[in-house]
Amino acid sequence: MATFKSWLFRIVVGLAGVIVVAVAAIYLISGARLGKHWDITPEAVAIPTDSASIARGAHIAEVRGCQGCHGPNLAGGTFIDAPIVARLWARNLTPGKGGAGATYTNADWVRSIRHGVRPNGSALLFMPAQEFNQLSNGDLGALIAWLKTVPPVDTAYPKSKIGFLGRVLYLSGMLPLVPAEVINQTAPRPADVPEGETVAYGQYLAGSCAGCHGGGFSGGKVPGAPPEMPPARNLTPDSTSGIGKWTLANFREALRTGMLPDGVQIDTIAMPIAATRHLSDLESSALFRYFMSLPAKLYGNR
């Protein structure tokens with residue numbers, strides 16, 4: 001009996017040791033990646049000052065969902081509050097005390113929005129810079145011009161924290177915490193795409209859809225999304241699971257109200273109707289043309 005207890009004790013101690021080493025490794029590896037310094041010198045982007053460009057910037061912020069994370073007044077707030085996963089706060093973007101606008105230069109705005117990197121070289125967490133990275137210089141300049149005009153709000157938030165489960169999910173690739181890691185930071189800028197009801201302009205706009213619907217736009221479970229969040233829908237022209245039988249009017253209705261052609265109301269939080277309802281007729285037409293030009297795919301292949 002004594003021998004059995006001795007072996008059982010050794011096994012328990014051994015397992016505990018393995019767990020301690022594994023936990024330490026997870027914190028060490030994730031900490032190294034999260035703490036990486038990014039030496040980014042952004043290209044110069046012209047920042048206009050005319051009212052038409054500023055209005056254009058406000059529209060880009062609406063359709064790209066900036067207020068969805070940073071709040072209607074861009075003063076920031078809690079983004080994720082699940083301590084075992086993460087406690088993340090969206091930054092105050094205004095020129096008020098504690099806001100990015102109080103200290104950011106034009107280069108800082110470009111570095112943060114296009115590259116997902118703070119002025120000090122640390123990576124922004126969960127900032128979808130991989131989507132904003134493809135903004136044209138004209139649109140990025142207009143967006144920054146508008147950000148410079150928002151009213152100041154004085155507020156600041158504590159440093160974001162990543163919990164143990166969040167670190168595990170991050171290292172496994174299931175939680176895209178550091179978009180700077182997935183951006184080709186040295187790639188040349190793509191040519192600007194002229195506005196129009198074209199497939200090319202629709203492809204440009206669809207960059208903000210890929211995060212949820214996947215690079216192939218066939219939908220499925222969204223990486224890093226909470227369990228209660230419904231999967232993204234198939235946007236390819238598959239006739240059974242996609243939009244192959246939809247009309248442009250059906251597509252616009254879904255974007256503006258969340259109502260599908262079959263009368264089903266989709267979750268207007270998971271699908272950011274607050275942003276997509278602001279798409280113009282030209283933009284929704286271009287998106288529809290692009291999605292209908294894609295090869296039909298079965299649902300869930302992302």
Side-chain angles (χ1 to χ4, degrees), residues 55-72 79 126 128 130-132 134-136 139 143 176 193-302:
R56 171 68 180 167
H59 175 70
I60 292 168
E62 283 183 327
V63 300
R64 294 279 177 165
C66 298
Q67 289 94 338
C69 293
H70 295 279
F79 180 61
F126 231 83
Q130 74 278 16
E131 299 174 9
F132 289 94
Q134 296 304 309
L135 277 179
S136 68
D139 281 352
L143 176 59
V193 181
E195 289 187 59
E197 297 182 22
T198 64
V199 169
Y201 191 58
Q203 183 176 14
Y204 168 71
L205 295 172
S208 59
C209 307
C212 290
H213 294 274
F217 298 100
S218 61
K221 183 65 178 175
V222 180
E228 65 273 14
M229 182 173 174
R233 300 187 69 88
N234 184 356
L235 297 180
T236 77
D238 179 68
S239 60
T240 55
S241 65
I243 64 171
K245 296 180 180 179
W246 288 25
T247 65
L248 175 57
N250 294 151
F251 184 69
R252 283 177 174 159
E253 183 69 16
L255 290 176
R256 291 170 181 173
T257 70
M259 184 64 68
L260 301 182
D262 58 6
V264 173
Q265 177 69 50
I266 61 177
D267 186 323
T268 57
I269 302 300
M271 170 61 186
I273 299 299
T276 59
R277 66 187 176 88
H278 294 289
L279 287 163
S280 67
D281 284 352
L282 182 150
E283 289 169 329
S284 59
S285 177
L287 275 171
F288 185 68
R289 286 174 183 262
Y290 171 62
F291 290 138
M292 294 299 284
S293 76
L294 296 173
K297 293 183 179 181
L298 294 177
Y299 167 76
N301 291 322
R302 295 190 62 77

Taking distance alone, no hydrogens or angles, what donor-acceptor pairs closer than 3.5 Å link side-chain atoms of residues 288-298 to residues at least two apart or in another chain?
| from | atom 1 | to | atom 2 | distance (Å) |
| --- | --- | --- | --- | --- |
| Arg289 | NE | Glu197 | O | 3.1 |
| Ser293 | OG | Tyr290 | O | 2.6 |

Between side-chain atoms of residues 241-251 and protein atoms elsewhere (two or more places apart, or another chain), which donor-acceptor pairs fall under 3.5 Å?
| from | atom 1 | to | atom 2 | distance (Å) |
| --- | --- | --- | --- | --- |
| Ser241 | OG | Asn234 | ND2 | 3.0 |
| Ser241 | OG | Asp238 | OD2 | 2.8 |
| Ser241 | OG | Tyr299 | N | 3.2 |
| Thr247 | OG1 | Ala249 | N | 3.4 |
| Thr247 | OG1 | Asn250 | N | 3.1 |
| Thr247 | OG1 | Asn250 | OD1 | 3.2 |
| Asn250 | OD1 | Thr247 | N | 3.0 |

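A distance-only check finds no donor-acceptor pair linking the side chain of Ser285 to the backbone of Asp281 [under 3.5 Å].
The distance from atom CD1 of Ile60 to atom OG of Ser208, rounded to the nearest 0.5 Å, is 11.0 Å.
The shortest non-hydrogen separation linking Met271 to Thr276 is CE-CG2, 3.7 Å. Scanning both residues, Leu279 and Arg256, for their nearest heavy atoms gives O-NH2, 3.5 Å. Residues Leu143 and Ala61 share a closest heavy-atom pair of CD1-CB, 3.9 Å. Nearest heavy atom pair, residue Phe132 against residue Cys66, reads CZ-SG, 4.2 Å. Summarising the geometry of Cys212 relative to Ala232, their closest heavy-atom pair is O-CB, 3.2 Å, with the distance given to 0.1 Å. The minimum heavy-atom distance linking Tyr204 with Arg64 is given by the pair O-NH2, 3.8 Å.
Checked against side chain to side chain contact (heavy atoms under 4.5 Å, CB included), Ala200 has the following partners two or more places apart in sequence or in another chain: Val193, Thr198. Partners of Asp262 according to the side-chain hydrogen bond (donor to acceptor under 3.5 Å, both in side chains) rule, which considers only residues two or more places apart in sequence or in another chain, do not exist here. With sequence neighbours left out, the salt bridge (Lys or Arg N to Asp or Glu O under 4.0 Å) criterion links Arg56 to Asp139, Glu283. With sequence neighbours excluded, no residue forms a salt bridge (Lys or Arg N to Asp or Glu O under 4.0 Å) with Arg277.
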